[in-house]
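Here the structure is laid out as structure tokens; the discussion comes afterwards.
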Amino acid sequence: MDTDNGIPYRFEPTADAAGLHAAHGDLEPGAETGVEVTIAGRLMLRRDQGKLFFGVLQDATGRIQLFAPQKTTPDFDGFTGLHLGDWVGVTGEVIATRRGELSVRVGSWVRLAEARRPFPDKWHGITDTDTRYRQRYVDLWVTDEAREAFLLRSRAISLMRRWLEDRGFIEVETPVFHPIPGGALAMPFTTHHNALDLDLYLRIAPELYLKRLTVGGMERVFEVARVFRNEGVSTRHNPEFTMLELYQAYADYTDIMVLVEELVAHLAESLLGTTSLTYDGREIDLSVPWTRATLSELLAEHGGLEVDLDTPRPELVRLCEERDITVEDHYGPGKLILELYEKTTEPELWGPVFVTDYPKEVSPLSRDHRDRPGWVERFEGIVAGSELCNAFTELVDPDEQRERFAAQEAGRATGDSEAMAVDEDYLRALEYGLPPTGGLGIGVDRLIMLLTGTTAIRDVILFPTLRPEQERGVSGGPDA
RNA sequence: GCGCCUCUAGCUCAAUUUGGCAGAGCAUCGGACUCUUAAUCCGCAGGUUCUGGGUUCGAGUCCCAGGGGGCGCACCA
């Protein structure tokens, strides 16, 4: 075997911990199988009995005991000298010990990596959340829930892709660098391309590019998109996060509601075996269909406010100020009503519920409501008290879209720093014709939080955004 | 950005009403043990108590400033 400082260049396991438990989990105490396997993993526990050594090996699938008698183990002293955290490869017979523990009796072994740093307490693990996020490579070994949450995340996104592809959606990749930030109302990160001497923005949403593709004839298209918003960090916010966006030609927002509830119910059923979940101590039933209610209805029911777009502005302003909502000059009636909803009603919603029909003023990319002037066909899905998705019947009329952009520009001029900029190329695309289309954005991280029962977004993002460590030699960075 | 809480050995935690030699378990190191299950037992070693000031005969403890982290508010998905 080729080695360097005793460490081989490659290793070939023939079995894993979960597979051994599945195949031999019912052995009688003291049983020998005659089956020889090769396994590899990290030594997580060691119990030295003098002339007998027990170790617990953990691999990607689980844990299995190593059984090493002095008489039969090559370089027994070397083996018992292994440290917690060392990687080791072992070949030997599958047996059950006298106490009935399924084990591999060590016939030959090789150290695959040395753990030069001591592992955390084998019982308590790491409790300091900062250390867990900064040293995820350790957290994944010692925190079972963390490892399980990320495995579930991987399976959920895989299932999501398959489910969409089964319905004729194709996955695409659109630019992360945007010359004009668009598709959402948010503060972008800025950067610069030297050769082109061009200021660029990291995307806050892939929306406008995906709809260009619908113009281009991709009738059902989706992207699992990392997006970037220059906003605060909290238990529900990370500056970079993942959105599933999709666009379906010939569909309206009612079709998208059906798609969302079916997709989420499918994921829950497939991953958890049920659509009845408990999140943060409260029940949530994801079974289809979800409740639908208009924003106006909910505002009347929960906020006790019977207001509409023709309610006199001073009246709306008064209602806001009574509720400690900061009113800015550029707020129109639509924005004021949305503020009232977000202050009085949204915190009371647990869901799942589709909140439908938003004011046109705050929805520059949504199509006019077919029955309600001044409103648009848009909905948000509230699940477990959190905004899971945002969707609408897409605005397809280029003239109307130009007017909406112009209104946004006007808002920017009067102090709305997050107002959308005019995107002339997007308007040109619309002038080539966007068919009736339904669009959707789902916050993937929040969906995973729901499915894993975690209440901190950092528990579903492997490497969440953190301030760099100040310690010498760890902080990195070009100027460090 | 503002408010509240928090920071002690590699990890998990102690340290008496403002104060009196900074300790334990696990891990590491040395030793014992042929069926352990967080093995057990004996021993050694391990510290800028986040940093810097201050009060005091004396500060992990009290005060001030700064830093890291958590939670809440605000913005949002």
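As the structure is a computational prediction, the values presented were derived from the model and not from experiment. Lettering follows sequence order; numbering is per chain, from 1.
- At the heavy-atom level, A/Gln70 lies nowhere under 4.0 Å from the strands shown.
- In this model, the phosphate group of B/A38 is not approached by any side-chain N or O of A/Lys122 to a distance below 4.0 Å at OP1 or OP2.
- Each of A/Glu240 and A/Gly100 has a nearest nucleotide on RNA chain B; the 5'-most of these lies closest to A/Gly100.
- Nucleotide B/C29 forms a pair with B/G43, judged by Watson-Crick or G-U wobble geometry with both contacts under 3.5 Å.
- At a threshold of 4.0 angstrom between heavy atoms, the contacts of A/Asp324 with the nucleic acid are absent.
- At the heavy-atom level, A/Glu101 lies under 4.0 Å from base atoms of the strands shown.
- Here the C1' atom of nucleotide B/U40 and the CZ atom of A/Arg46 are 14 Å apart, to the nearest Å.
- For A/Pro118, the listed nucleotide lying nearest its side chain is B/G10; candidates were B/A74, B/C35, B/G10.
- Inspection of the A/Asn238 and A/Arg458 side chains reveals no N or O donor paired with an N or O acceptor under 3.5 Å.
- If you check B/C57 for Watson-Crick or wobble pairing at under 3.5 angstrom, you find it paired to B/G20.
- At B/C29, one or more side-chain N or O atoms of A/His83 fall inside 4.0 Å of OP1 or OP2 (strictly under the cut-off).
- Here B/U37 presents its P atom at 14 Å from CG of A/Asp48, a figure rounded to the nearest Å.
- Summarising the geometry, the separation between CG on A/Leu185 and P on B/C75 is reported as 14 Å, rounded to the nearest angstrom.
- Contact between the side-chain N/O atoms of A/Thr127 and the OP1/OP2 oxygens of B/C13 is found at a separation under 4.0 Å.
- The partner of B/G3 is B/C71, by the rule that a Watson-Crick or G-U pair needs both atom distances under 3.5 Å.
- Among the heavy atoms of the strands lying under 4.0 Å from A/Thr235 are primed sugar atoms or P, OP1, OP2 only; no base atom is included.
- Within the nucleic acid shown, A/Phe53 has no heavy atom closer than 4.0 Å to any nucleic acid atom.
- Taking every side-chain heavy atom of A/Arg458 into account, B/G70 is the closest of B/A39, B/G70, B/U12.
- Side-chain proximity of A/Arg98 to B/G68, B/C35, B/A39: nearest is B/C35.
- Using a 4.0 Å heavy-atom cutoff across all strands shown, A/Gly50 reaches at least one base atom of the nucleic acid.
- Judged by distance alone with a 3.5 Å cut-off, a donor-acceptor contact links the side chain of A/Asp121 to the base of B/G25.
- For B/G69, the OP1/OP2 oxygens have no side-chain nitrogen or oxygen of A/Thr129 closer than 4.0 Å.
- The residue A/Asp445 sits apart from the nucleic acid: no heavy atom pair falls under 4.0 Å.
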> Given the rule in the side chain to side chain donor-acceptor pair (under 3.5 Å) test, do A/Ser386 and A/Arg236 qualify, once you have shown the distances and angles that lead to the verdict?
Replying inline: CA-CA 9 Å; A/Ser386 178; A/Arg236 310 190 81 82; 2.9 Å; yes
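- Using bins of under 30°, 30° to 60° and over 60° for the plane-to-plane angle, the ring pair A/Phe169/A/Phe222 lands in the perpendicular bin.
- Using a 4.0 Å cut-off between charged side-chain N and carboxylate O, A/Glu361 and A/Lys335 make no salt bridge.
- Listed nucleotides: B/A27, B/C75, B/A39. Nearest to the side chain of A/Glu231: B/C75.
- Closest approach to the A/Leu84 side chain among B/U28, B/C11, B/G10 is made by B/U28 (side chain taken as heavy atoms from C-beta onward).
- Residue A/Arg63 places none of its side-chain N or O atoms closer than 4.0 Å to OP1 or OP2 of B/U37.
- Under the 6.0 Å distance and 45° angle rule, A/Arg105 does not count as a cation-pi partner of A/Phe67.
- With respect to the salt-bridge test (charged N to carboxylate O, under 4.0 angstrom), the residues A/Arg212 and A/Asp423 qualify.
- Considering only the side chain of A/Leu45, B/A39 comes nearest among B/G69, B/A39, B/A74.
- Among the atoms of the strands shown, only primed sugar atoms or phosphate atoms (P, OP1, OP2) are found under 4.0 Å from some heavy atom of A/Gly125.
- Among the protein residues, A/Arg105 comes within range of no part of the nucleic acid, since none of its heavy atoms lies under 4.0 Å from any strand.
- Atom CD of A/Glu173 has 12 or fewer neighbouring heavy atoms from other residues, nucleotides or ligands inside a 6.0 Å radius.
- Each of A/Asp128 and A/Gly81 lies near RNA chain B, and the nucleotide nearest A/Asp128 is the one positioned closer to the 5' end.
- Residue-level contact check: A/Thr97 touches the bases, meaning some heavy atom is under 4.0 Å from a base atom.
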